Number of protein chains: 2
Amino acid sequence: MRVRLEDVARATGVSPKTVSRVLNEEPSVKESTRQKVLAAMESMNYRPSPSARGLAGSRSFLVAMLYDNNDNPASTYLAEIQDGVLDACDAHRYSMMVCPLRVRDQDFIRRVDALVSDHHIDGVIVTPPLTDYAPLLKRLQEHGVPHASISPVNHEGVIGVCMDEQKAAKALVDHLLQQGHRRIAYIAGFANHGASRWRLNGYKDAMAAAGIAYDPKYVVQGEFTFGSGVLAARQLFTLAEPPTAIFAANDDMAAGVMWAANERGLKVPQDLSVCGFDDTPLATQLWPPLTTVRQPARDMGKLAALQLMELLRGRGTGLLVQVPYSLQLRESTAPAPREAPVKGRRKARI
Amino acid sequence: MRVRLEDVARATGVSPKTVSRVLNEEPSVKESTRQKVLAAMESMNYRPSPSARGLAGSRSFLVAMLYDNNDNPASTYLAEIQDGVLDACDAHRYSMMVCPLRVRDQDFIRRVDALVSDHHIDGVIVTPPLTDYAPLLKRLQEHGVPHASISPVNHEGVIGVCMDEQKAAKALVDHLLQQGHRRIAYIAGFANHGASRWRLNGYKDAMAAAGIAYDPKYVVQGEFTFGSGVLAARQLFTLAEPPTAIFAANDDMAAGVMWAANERGLKVPQDLSVCGFDDTPLATQLWPPLTTVRQPARDMGKLAALQLMELLRGRGTGLLVQVPYSLQLRESTAPAPREAPVKGRRKARI
DNA sequence: ATGAAAGCGCTAACAA
DNA sequence: TTGTTAGCGCTTTCAT
């Protein structure tokens, strides 16, 4: 029925333990033996049983991806991360389990235990905002399960992947400033996401560098959702001196801003420039297409998982890899209305 | 360290086998014994080892969700399905693995084998268009692994969940007809998705019932993507008699139509009515909000998974559950321009 | 309705 | 560099 390790051993004329060594890439196997065993495995179509390995040994070749289920980023973002993690798993013959966590539930720890200790999970990929949720990290450490983080706030002794979001946000706001905007508003996301703070800091940096005093009237709290973007924008529109440009901390909220602008009869970008962050598919599906910062989510998922596996396979300790951002300047931003309403070529493309 | 079944047995004063019986809900256990064991499990915080169960027994309490990786529906749709499946897993103490499949790869079967046979997967949730991909279904059957389908084309002997998409599509087109539209175009999705055909049939039904001859000029092939919606719409706009309404087979393509309309300077809905299908988050994020058919993706994922588990737990054979659709009439549709351009109240809301 | 023994397929600790 | 002996924690016989 099933080809077992023992069958391979018999076919090769070595002991089961030696086959096991080859399987686990242990160094102390003679090269010729290794080749023989490998050939037999291949020809017999041998595939080890994860259950048996998990039960007998300390590894399961299983990683889990954790995300926050009631306070998460856009589902398109998570889906891309997930695809990237799966890419990496594929490359290293790991399997992936997915685990949504509700941080508010007290049953939270039980879920982590159930996953990590029951399934002998080898390692975990943590997505925002769980990356910095102390009770989770503590529990993982207690279990001795290593993790890689996507965009963690705290970089100390953490592996995974990050981006210089503050610099990216500054570059984006610099772009608005160059276009003559002075009254630039910022819509923040949830405070427990590093993204909210980094992007706010980038905004502040750019404004300060341009010699514009920070004005809290132009900074509104949002929740990373489309609806919160609508509400924040409505609020900004009622100001005595409404902004000529709005920088929303993510694309979903930026879409909400554009929606609210439509509602109010404001033309984007003629009356109002709008930009977001992440470059989710939504950004190019809006009209006009949204100026934003590209965050390579799929690559980030893959890189984080690769760092984790590097560590798991004892190949190294894993790194916190920094990926580059890139500005996506599209048609939702234009020169400020009062300054110089240049009517440039503005034909949108997909 | 770990609380084992044996520990529970000792604490309760019964044999390990009896504890096992309770764990597996076997009928032949005296109720009082059952309660005692259950209480001990609870108080000792006993959780069985999936590896050990998988190795020793025939079940793994693991289900896998399969999706097509290079020809899939919108990621928001899949993400919702996935959340629904996880809900159901949670309720029945199953774990879920996720497996993207590339149908074109010849390595396809190997991946199914790796998942299903290596991990002793108990059952599989299959999403469109894999639901009707014969080589996959055949392989699953060879492995003796049951599956539940989301919106399968073939309903024979299949369990899972479906919707009467043809009727829904007809109702949607009926709505357009009632508004006085006569030149209504349809943008199809990939042909291997049942959704493409059902929705086309619904379109045909409605047109026929209204006494309008089927005109292939108004039916364009798309690919379920935003970009293909743009291209299809551009093509329709060049017709001598362009449509006054366009029904796209999903929301993403409908968004593409609205984008192309903007590009061409057409006002939606004054010059052109647009509707989609699925009611993804995008539908309410567009301006104007999109008229579409609500497909309760999360519920569908959950229901399909519940049917599968029903079957796995020997509680029954599982059903093909039909979920109701509902029309979401929003501001992207309005009376046809030539007939009677009624300027009704048209204030959009979130 | 319950229990005793054997073993699932692999790895750990030790030995050679 | 390789082999031997015990288990991992559970379910399967088969017995009572």
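We use all heavy atoms of the structure for the numbers below, so side chains are in, but hydrogens, waters and symmetry mates are not. All values derive from a computational prediction rather than experimental measurement. Residue numbers start from 1 in every chain, and the chains themselves are labelled A, B, ... in the order their sequence lines are given, proteins ahead of strands.
- Rounded to an integer number of Å, the gap from A:His120 NE2 to C:dC10 P is 16 Å.
- Counting non-hydrogen atoms under 4.0 angstrom, B:Pro48 reaches the backbone sugars and phosphates but no base.
- You won't find any donor-acceptor pair under 3.5 Å spanning the side chain of A:Arg21 and the base of D:dT1, going by distance alone.
- B:Arg4 places its CZ atom 7 Å from the P atom of D:dC8, with the value rounded to the nearest Å.
- One interatomic measurement links the two molecules: CD of A:Glu25 to P of C:dT11, which rounds to 12 Å at whole-angstrom precision.
- Scanning atom types as modelled, no donor and acceptor separated by under 3.5 angstrom connect the side chain of A:Arg59 and the base of C:dT11.
- Contact annotation: A:Ser49 side-chain N/O to C:dC8 OP1/OP2 distance is not under 4.0 Å.
- Ring geometry for B:Tyr94 against B:Phe61 counts as tilted: the plane angle lies between 30° and 60°, on a 0 to 90° scale.
- In this structure, B:Phe108 has its ring center under 6.0 Å from that of B:Tyr133.
- Distances were taken from every side-chain heavy atom of B:Leu23 (C-beta onward) to each of D:dT11, C:dG9, C:dT2; the shortest belongs to D:dT11.
- Between the side chain of A:Lys17 and the base of C:dA12 there is at least one donor-acceptor pair of N/O atoms closer than 3.5 Å.
- Residues of residues 39-47 of chain A that place a heavy atom closer than 4.0 Å to DNA chain C, in numerical order, are A:Tyr46.
- The structure places CD of A:Gln141 at 8.5 Å from NE2 of A:His147, a figure rounded to the nearest 0.5 Å.
- The 12-atom threshold is not exceeded at CD of A:Glu42, counting heavy atoms of other residues, nucleotides or ligands nearer than 6.0 Å.
- Note on A:Ser28: every side-chain N or O is 4.0 Å or more away from OP1 and OP2 of D:dT2.
- Whole-Å rounding puts the A:Arg10 CZ to D:dT2 P distance at 19 Å.
- Checking the phosphate oxygens (OP1, OP2) of D:dT2, no side-chain nitrogen or oxygen of A:Thr18 falls inside 4.0 Å.
- Within the structure, every side-chain polar atom (N or O) of A:Ser51 is placed at least 4.0 Å from both OP1 and OP2 of C:dC8.
- Judged by distance alone, with hydrogens and angles left aside, the side-chain atoms of A:Ser117 form no donor-acceptor pair with the main-chain N or O of A:Ala114 at under 3.5 Å.
- Side chain of A:Asp122 to backbone of A:Val63: no donor-acceptor contact under 3.5 angstrom is found.
- Within the structure, a side-chain polar atom (N or O) of B:Ser15 is placed less than 4.0 Å from OP1 or OP2 of C:dG3.
- Following rounding to the nearest Å, A:Leu5 (CG) and C:dC8 (P) show an atom-to-atom distance of 13 Å.
- At whole-Å resolution of the value, CD in B:Glu6 and C1' in D:dG7 are 12 Å apart.
- Proximity of a side-chain donor or acceptor of B:Asn154 to a complementary backbone N or O of B:Asp132 within less than 3.5 Å is not detected.
- Judged by closest nucleotide on DNA chain C, B:Gly57 is the one of B:Gly57 and A:Val19 placed further toward the 5' end.
- A:Lys30 has its NZ atom 14 Å from the C1' atom of D:dG3, to the nearest Å.
- With C1' as the reference atom, C:dA15 and C:dT11 are 16 Å apart, rounded to whole Å.
- In the displayed structure, B:Glu142 atom CD is contacted under 6.0 Å by more than 12 heavy atoms of other residues, nucleotides or ligands.
- Atom CD in A:Glu26 sits about 12 Å away from atom C1' in D:dT2, given to the nearest Å.
- With DNA chain C read from its 5' end, the first of the two nearest nucleotides for B:Ala52 and B:Pro16 is the one closest to B:Pro16.
- Of the candidate nucleotides D:dG9, C:dT2, D:dT2, C:dT2 has the atom nearest to the side chain of B:Val29.
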